[in-house]
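Model, not experiment: these values are computed from the prediction. Computed from heavy atoms alone, side chains included, the values below leave out hydrogens, waters and symmetry copies.
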There are 2 protein chains.
Amino acid sequence: MTIAEPTVETAGRDRILDEAASLFLKQGYEAASVRRIAEAVGMQAASIYHHFNSKEDLLEVILHRGLEVMTVAFDDASTATLGAPGRERLAAHIRAHLAALYENGPYTATHVTTFRTAPENVRTTIVPQRDAYEALWTTLLNDLLTSGVLTPDTAVGPARLMLLGGMNASVEWFDPQRGSLDDLAHLITRQTLYGLSNPLKN
Amino acid sequence: MTIAEPTVETAGRDRILDEAASLFLKQGYEAASVRRIAEAVGMQAASIYHHFNSKEDLLEVILHRGLEVMTVAFDDASTATLGAPGRERLAAHIRAHLAALYENGPYTATHVTTFRTAPENVRTTIVPQRDAYEALWTTLLNDLLTSGVLTPDTAVGPARLMLLGGMNASVEWFDPQRGSLDDLAHLITRQTLYGLSNPLKN
DNA sequence: GTCTATACCACGATAGAC
DNA sequence: GTCTATCGTGGTATAGAC
């Protein structure tokens, strides 16, 4: 075999990122030590520093990747529902955000749970990409408002914060091993659009 | 003055709890050191250990107090709306939970943000009280379902998780200094009951 | 009840061999 | 690219004077 093996050159690096993100998600950034991360990967703590300059650097890469997963999912949902009715477009984007949280590694869930208390310089670096993701949602909701899908008196800003907050909060209780992601997406879409009130008693 | 001064004997202790809860809220439990907490109080780190056995002990007391604040607020809302219509009762309890988060010290907000990654033995100690608070909400929502305020096909379990999750997630963006708590409560109540959908286009 | 002094340990990170 | 060995720091916590 003289043909080069199709090895992914970042395999070792990605392995570290996977384990680190999982531990940051479960224990929090400060509580997860570099030694413990290295143990999970199966190497010595010092070896981590061949791939990353610092523990903060590790977190920064993970937070960026979490946002990248969300953003790609959002864009995919957008192209997949280009001419579709407003309610379907919203449903697809909700489903996409939840898929980012539960189906593409721990990066997005880790982002969502660790960003608020991350070291300030790390947060500062992440903010622009984060603003860009939120702007995507603002644009989507504004479109739905303009096209009459949402009530005219909808405050788009708070609505976006509530919707994203509610989805992200599901990491506290939703277990993708036990529940169906489609069911969760359907539930959130329905509750967001129509609420819990009994329409017969309005 | 031979009459005893009405001093609160736990003032020093409460002072420590206040500063510790604030720092746990802002930086997370692990990142906030005992030395830093002591500095905020204006004493030496060693003095903290006259009032608490350990840093974990400090966290445990704070988490318990956070739940106590929530529970008292819930019960007050219950007695205040005893004979009231279902929608008003729901509105009052939503407002009460948000008041616990933003108006009675940092305890409830700290509980909500640090419980998930708290050391396991601490979490275990807290769980029963936490379950009791969630049971209060389950009972309330079941009442509203039985009395026809909520759609008959409402899944009370997920509805409770979504509602509490959405309210708790507001700690990431709501600033009680800048926004009105009544407005927030009204917004969440309205969105929970009726959703964002334009009723004219249903 | 608060202080000074300090024990002891785990942390992030580096040096340098292989 | 991973290892062993180690450095320096800051962490929780304790001892004992005042």
Side-chain N,O ([X]) to OP1/OP2 ([N]) below 4.0 Å:
| X | N | result |
| --- | --- | --- |
| His51(B) | dT2(C) | yes |
| Ser33(A) | dA10(C) | no |
| Ser54(A) | dG12(C) | no |

Between [atom2] of [N] and [atom1] of [X], the distance in whole Å:
| X | N | atom1 | atom2 | result |
| --- | --- | --- | --- | --- |
| Lys55(A) | dA10(C) | NZ | C1' | 11 Å |
| Leu59(B) | dT12(D) | CG | C1' | 15 Å |
| Arg36(A) | dA13(C) | CZ | P | 18 Å |
| Asn53(A) | dG12(C) | CG | P | 15 Å |
| Gln27(A) | dC11(C) | CD | P | 10 Å |
| Leu58(A) | dG12(C) | CG | P | 10 Å |
| Arg13(A) | dG1(D) | CZ | P | 11 Å |
| Gln44(A) | dT4(D) | CD | P | 5 Å |

| message | For Thr138(B), is there any backbone N or O sitting under 3.5 Å from a side-chain donor or acceptor partner on Arg160(B)? | response |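 Checked: no pair found.
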side-chain hydrogen bond (donor to acceptor under 3.5 Å, both in side chains) with His111(B): of Arg130(B), Glu68(B), His64(B), only one passes, and it is Arg130(B)
Closest of dT12(D), dT4(C), dT2(D) to the Val34(B) side chain is dT12(D)
Q | Contact check, side chains of Pro176(A) and Glu103(A), non-hydrogen atoms, under 4.5 Å | A | no
- Closer to the 5' end of DNA chain C via nearest nucleotide, is it Tyr49(A) or Ala46(B)?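 Comparing both residues, the 5'-ward one is Ala46(B).
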Margin query: Under the rule for side chain to side chain donor-acceptor pair (under 3.5 Å), what residues qualify as partners of Tyr133(B), not counting sequence neighbours?
Written below: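 By the side chain to side chain donor-acceptor pair (under 3.5 Å) rule, Tyr133(B) matches His97(B), Trp137(B).
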| query | Between Tyr49(B) and Lys55(B), is there a cation-pi geometry (under 6.0 Å to ring centre, at most 45° from the normal)? | reply |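 So Lys55(B) doesn't make the cation-pi contact.
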Is it the case that dG11(D) (base atoms only) and Arg35(B) (side chain only) share a donor and an acceptor within less than 3.5 Å, ignoring hydrogens and angles? yes
